[in-house]
Amino acid sequence: MNLYQAKPSLLLIDQSERAAGAPAGLPLLPAYYVRDQASRSTTVLNAETFKLLEMLIEPTPYSVFSSHYAEEELKELMRILHEHELIQVDAPTKNYARLLRAPEDPRLKGIPLVPRTIMINCTPKCNLLCKHCIVSDKHHQQREVLRFEELSIFLNDIDEHGLDNLVLSGGEPLLWQSIAKVLEDSLNRSYTVILYTNGMLINDKWLGIFKKIESLKPGGLQLHVSLDGGTPGTHDEIRGVKGSFQRIVTSLERLQQAGIPVASVESMATRELYEELDSLISICERYSIKSLYLHPVFNFDQDSRIQELELDYDFRIRFLKRIQDMSQSGYSVDVRYSDPYFPAGLFKKESARSRKEAELFLESILSGDKNKINQFSINRQQPETLMNCDGGTSQMFVDYTGAVYPCMIYANSGKDDDYCGNVKDHTLLEIWNSQGMNRARKVITREELSVCSGCEHFDHCGPTVKKCRIGSEIALNDFYGPSYLCVKYADKLGISTQMVAAYEGLLGSFSR
């Protein structure tokens, strides 16, 4: 008699109570999904397939569960489970798959059981003096920095709940006293570690650790290396240390020779870099780096050093148009430019697909396969409801003291309302279900936005301009206000002068 059992490495997550009746504006939430903690893969299932897999957590004879289904239905459900390698036959073990259910809570409708990604700015220490830094320059005197011993219980917690990604940033994370232990510990975890580094410190020690992870857990570590120019002059000027460009390029070469892939180069989009973009792409191609991400500086706090690097209106448009052209040119490097607080949607050749269109598109795909129709609980988008950002809905941010916020921007708000707890003192679920997270999760309607609601560009505006409320609050003291860049460039964007009148007194050193 055959015995069937769900693979012991599986984590079955039932979010059906959260998904049912979720408010429009929150991300699409799978009601049922399975996380394989051995392969780090996630499979979304419909209700019936999930129910069958749940029955098979313990070794079960075919005759026991076959009585619950018609023959053809069971055959199809078993086909799906076999296809996704979710069950094993005649190999019973005492280790069982685990089931997690998101408890019903009216406050958390539409919110997943746990975040998919957690970012830790693990240290403010850095070996560079970057002009655009929004971490190290605000913490001249370090408070107590997290130690591995304080973090290990939280790492157990997030791993047991099926976290996808743990992002380590800084400062320079390779200067964190606990980084080696966290990286070594990740070999025993199901999540992927995404490491943001300036690349200056990569030596034989780090090459050995990276290579060990790549060998024992392929893809378990993704390196993102910072490089802010195609020439030494541009990069070294921004990063504040002469010779840093050459040291980073040498590190890229050593990583390539060691067979350690670099997932991406991360660059600040500046006027100088625009002229050197081809050189920077050539560096990526030379070292087999497939992605290049360009990030404009944003200057919520009116910092004069950061203001120097912030792109003006014309350069923002030039970057947008150039990246559009490059996307059609057949480069082997995927170049992306993200300008979240600028109404970039106004300048795209094709307007972004609306939420309603996206839902119809998704439904049309799902309807082609009866086994996938109920994969997602689709939150109907109301025309006047805005999509929420990822902070508090799929990710959260931990600073180097262990304090938690919905995202890095909320961490800089200075408001007690945005504090969500500390990883040294609270569990993942206590933090994720805290009142601090709920401010970021507030579903906002168009009419609540004090200025954007009447803007003629609203429907084509970049999504982050509308959904990042904390950015508006920090820059303009108005949680429901527009992006500070919309105010700054109101005349060039053709936005009402009344909007400028409402905020120009708060802009201070923002040049117009």
Side-chain angles (χ1 to χ4, degrees), residues 131-132 134 268-271 294-321 337-348 351-352 384-389 391 406-415 417-418 439-440 442 444-512:
K131 291 182 178 180
H132 56 273
I134 61 172
M268 302 311 301
T270 61
R271 292 177 289 276
L294 307 176
H295 308 277
V297 170
F298 54 89
N299 189 24
F300 292 150
D301 295 328
Q302 305 180 45
D303 185 304
S304 59
R305 291 193 313 151
I306 296 177
Q307 181 66 46
E308 178 186 338
L309 294 177
E310 191 172 42
L311 294 176
D312 60 23
Y313 179 89
D314 292 335
F315 260 101
R316 291 180 189 276
I317 304 303
R318 290 173 70 180
F319 263 107
L320 283 166
K321 291 182 176 178
Y337 170 81
S338 173
D339 200 345
Y341 303 99
F342 188 67
L346 296 178
F347 306 96
K348 291 183 177 179
S351 60
E384 301 302 312
T385 303
L386 305 181
M387 273 293 295
N388 273 53
C389 70
C407 75
M408 182 185 292
I409 309 303
Y410 275 90
N412 288 321
S413 75
K415 291 183 175 293
D417 291 347
D418 296 325
R439 192 160 94 102
K442 175 177 168 52
I444 296 172
T445 61
R446 176 174 179 168
E447 64 182 13
E448 290 180 277
L449 302 186
S450 57
V451 172
C452 297
S453 58
C455 180
E456 62 181 296
H457 302 306
F458 185 90
D459 292 331
H460 302 291
C461 182
T464 309
V465 173
K466 295 177 286 192
K467 70 186 181 183
C468 183
R469 298 293 90 224
I470 191 64
S472 298
E473 184 174 63
I474 293 174
L476 303 173
N477 297 331
D478 185 351
F479 190 77
Y480 298 98
S483 161
Y484 81 96
L485 291 177
C486 290
V487 177
K488 183 175 180 179
Y489 300 125
D491 51 345
K492 295 183 178 181
L493 293 168
I495 297 175
S496 168
T497 55
Q498 284 83 352
M499 187 176 84
V500 180
Y503 295 98
E504 61 184 356
L506 297 174
L507 285 175
S509 62
F510 289 139
S511 59
R512 294 198 51 237

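Remember, predicted model here, so these are calculated numbers, not experimental data.
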Notebook entry, point to check: Does Arg469 pair with Glu448 as a salt bridge, N-O distance under 4.0 Å?
Noted result: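 Between Glu448 and Arg469 there is no salt bridge, as every charged N stays at least 4.0 Å from the carboxylate O atoms.
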Verify, without hydrogens or angle tests, whether [X] (side chain) and [Y] (backbone) share a donor-acceptor contact under 3.5 angstrom.
X: Ser483; Y: Val465; value: no
X: Ser472; Y: Pro482; value: yes
X: Tyr484; Y: Asn299; value: yes
X: Ser450; Y: Tyr480; value: yes

Next item on the list: Might you work through the side-chain contact (heavy atoms from CB on, under 4.5 Å) test for Tyr313 and Leu493, ending with a clear yes or no?
Entry: CA-CA 10 Å; Tyr313 179 89; Leu493 293 168; 3.8 Å; yes
Looking at [X] and [Y], what are the two nearest heavy atoms and their distance?
X: Val297; Y: Leu309; result: CG2-CB, 4.0 Å
X: Asn388; Y: Ala440; result: ND2-O, 3.3 Å
X: Leu294; Y: Ala269; result: CB-CB, 4.2 Å

Would you mind reporting whether [Y] and [X] have side-chain heavy atoms less than 4.5 Å apart?
X: Ile495; Y: Tyr489; result: no
X: Glu473; Y: Lys415; result: yes
X: Leu311; Y: Arg318; result: no
X: Phe298; Y: Ile409; result: yes

Checklist line | Arg446 to Phe458, cation-pi by 6.0 Å centre distance and 45° axis angle | finding: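 Yes - Arg446 lies over the ring of Phe458, closer than 6.0 Å to its centre and within 45° of its axis.
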Note to self: Against the six-membered ring of Phe319, is Arg316 placed for a cation-pi contact (under 6.0 Å from the centre, within 45° of the normal)?
What the structure shows: no
Notebook entry, point to check: Would Glu310 and Lys488 count as a side-chain contact (heavy atoms from CB on, under 4.5 Å) if you check the C-alpha gap in whole Å, the side-chain angles of each, and the deciding distance to 0.1 Å?
Noted result: CA-CA 12 Å; Glu310 191 172 42; Lys488 183 175 180 179; 3.1 Å; yes
Nearest 0.5 Å please: distance from the [atom1] atom of [X] over to the [atom2] atom of [Y].
X: Phe342; Y: Leu485; atom1: CZ; atom2: CG; value: 7.0 Å
X: Arg271; Y: Asp314; atom1: CZ; atom2: CG; value: 11.0 Å
X: Asp339; Y: Leu320; atom1: CG; atom2: CG; value: 6.0 Å
X: Ser413; Y: Arg439; atom1: OG; atom2: CZ; value: 6.0 Å

Margin query: Take a 6.0 Å sphere around NZ of Lys467 and say whether it holds more than 12 heavy atoms from other residues, nucleotides or ligands.
Written below: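 Above 12, so yes.
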Next item on the list: Apply side-chain contact (heavy atoms from CB on, under 4.5 Å) to the pair Val451 and Tyr503, showing each step before the final yes or no.
Entry: CA-CA 10 Å; Val451 172; Tyr503 295 98; 3.7 Å; yes
